Participant: 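Mind looking over this structure? Questions follow.
Note that the structure is predicted; figures quoted are calculated from it, not measured. Order of appearance sets the numbers: ligands from 1, and atoms from 1 within every ligand.
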Amino acid sequence: MPPLTRNRAGQGDMPTGLMALYYAQRASAGLQIVEGAQIGGEAAACPGTPGIYNAQQVAAWRRVTDAVHARGGVALVFLQL
Ligand SMILES: Cc1cc2nc3c(=O)[nH]c(=O)nc-3n(C[C@H](O)[C@H](O)[C@H](O)COP(=O)(O)O)c2cc1C
């Protein structure tokens, strides 16, 4: 599955439960290149995109990957920076 920005991040550029659901529903793709994520608070290309520049965001991304792995045995998830 190619990277598709969905603008569903929450306050503080946090990955959300809605994102976990979205990617889990597509776990059968086997390989997902997850949407572009910013590497700093001033690096967003547009509103609602997720970040991966602090520990809370990393933990939230882990909930996304856990949801994907719970649905599809061999699903690989790569994050686009
Ligand atoms: C709504 C939408 C969001 C997208 N977000 C990203 C993105 O975050 N990163 C990226 O590299 N490409 C992004 N793309 C490009 C898609 O990955 C690309 O359209 C897909 O790989 C199919 O390739 P094609 O459009 O050349 O057929 C996006 C495309 C759409 C339609």
Participant: Please check atom 9 (N) of ligand 1 for a protein heavy-atom neighbour under 4.0 Å.
Facilitator: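 Given the 4.0 Å limit, the answer for atom 9 (N) of ligand 1 is yes, a protein heavy atom qualifies.
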Participant: So, for atom 18 (C) of ligand 1, does the protein have a heavy atom nearer than 4.0 Å?
Facilitator: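 No; the ligand atom in question lacks any protein heavy-atom contact below 4.0 Å.
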Participant: Report, in ascending order of atom number, the atoms of ligand 1 lying under 4.0 Å from any heavy atom of G36.
Facilitator: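 Listed by number with element: 8 (O).
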Participant: Quiz question for you: does at least one protein heavy atom lie closer than 4.0 Å to atom 24 (P) of ligand 1?
Facilitator: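 No, no protein heavy atom sits under 4.0 Å from atom 24 (P) of ligand 1.
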Participant: Could an N or O of ligand 1 be found under 3.5 Å from any N or O of T5, whether backbone or side chain?
Facilitator: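 Yes, at least one N or O pair falls under 3.5 Å.
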Participant: May I ask whether atom 27 (O) of ligand 1 is less than 4.0 Å from at least one protein heavy atom?
Facilitator: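 Under 4.0 Å from atom 27 (O) of ligand 1, zero protein heavy atoms found.
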Participant: If I compare all heavy atoms of I52 with all of A37, which pair ends up nearest, and what's the gap?
Facilitator: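 I52 and A37 have their closest heavy atoms at CG2-CB, 4.2 Å.
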Participant: Looking at G12, is its backbone amide N or carbonyl O close enough to the side chain of Q57 to form a donor-acceptor pair, meaning the two atoms are under 3.5 Å apart?
Facilitator: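 Yes, because the side chain of Q57 sits within donor-acceptor range (under 3.5 Å) of the backbone of G12.
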Participant: Nearest protein heavy-atom contact for atom 15 (C) of ligand 1: which residue, which atom, what distance?
Facilitator: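 Among all protein heavy atoms, the one nearest atom 15 (C) of ligand 1 is P3 O, 3.9 Å.
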Participant: Do E35 and Y22 meet the criterion of a side-chain donor-acceptor pair at a distance under 3.5 Å?
Facilitator: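 Not at all, the side chains of E35 and Y22 share no donor-acceptor pair under 3.5 Å.
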Participant: Grab the two heavy atoms, one from W61 and one from G51, that are nearest each other, plus how far apart they are.
Facilitator: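 Smallest interatomic distance, heavy atoms only, reads NE1-O, 2.9 Å.
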Participant: For the side chain of Q32 and the backbone of Y23, is there at least one donor-acceptor N/O pair under 3.5 Å apart?
Facilitator: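 At least one qualifying donor-acceptor pair exists.
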Participant: Taking V34 as the starting point, is it possible to reach L4 by hopping between hydrophobic residues whose side chains are less than 4.5 Å apart?
Facilitator: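 Both belong to a single hydrophobic cluster.
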Participant: Taking all non-hydrogen atoms of both residues, which atom of A27 and which atom of A75 are closest, and how far apart?
Facilitator: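 So the minimum-distance heavy-atom pair works out to O-CB, 3.9 Å.
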Participant: Taking the minimum heavy-atom distance to atom 31 (C) of ligand 1, which of V34, L4, T49, I33 ranks first?
Facilitator: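 Comparing heavy atoms across V34, L4, T49, I33, the nearest one to atom 31 (C) of ligand 1 lies in L4.
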Participant: Show which atoms of ligand 1 fall inside a sub-4.0 Å distance from at least one heavy-atom site of R6.
Facilitator: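 So the answer, numbered in order with elements, is 1 (C).
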Participant: Tell me whether P2 has any N or O atom under 3.5 angstrom from an N or O of ligand 1.
Facilitator: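 P2 vs ligand 1: no N/O contact under 3.5 Å.
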Participant: Please check if any side-chain donor atom of D13 sits under 3.5 Å from a side-chain acceptor atom of Q38, or the reverse.
Facilitator: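 The criterion, which ignores hydrogens and geometry beyond distance, is satisfied for Q38 and D13.
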Participant: For ligand 1, is there an N or O atom under 3.5 Å from any N or O atom of Q80?
Facilitator: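 Yes; the residue has a nitrogen or oxygen that sits under 3.5 Å from a nitrogen or oxygen of the ligand.
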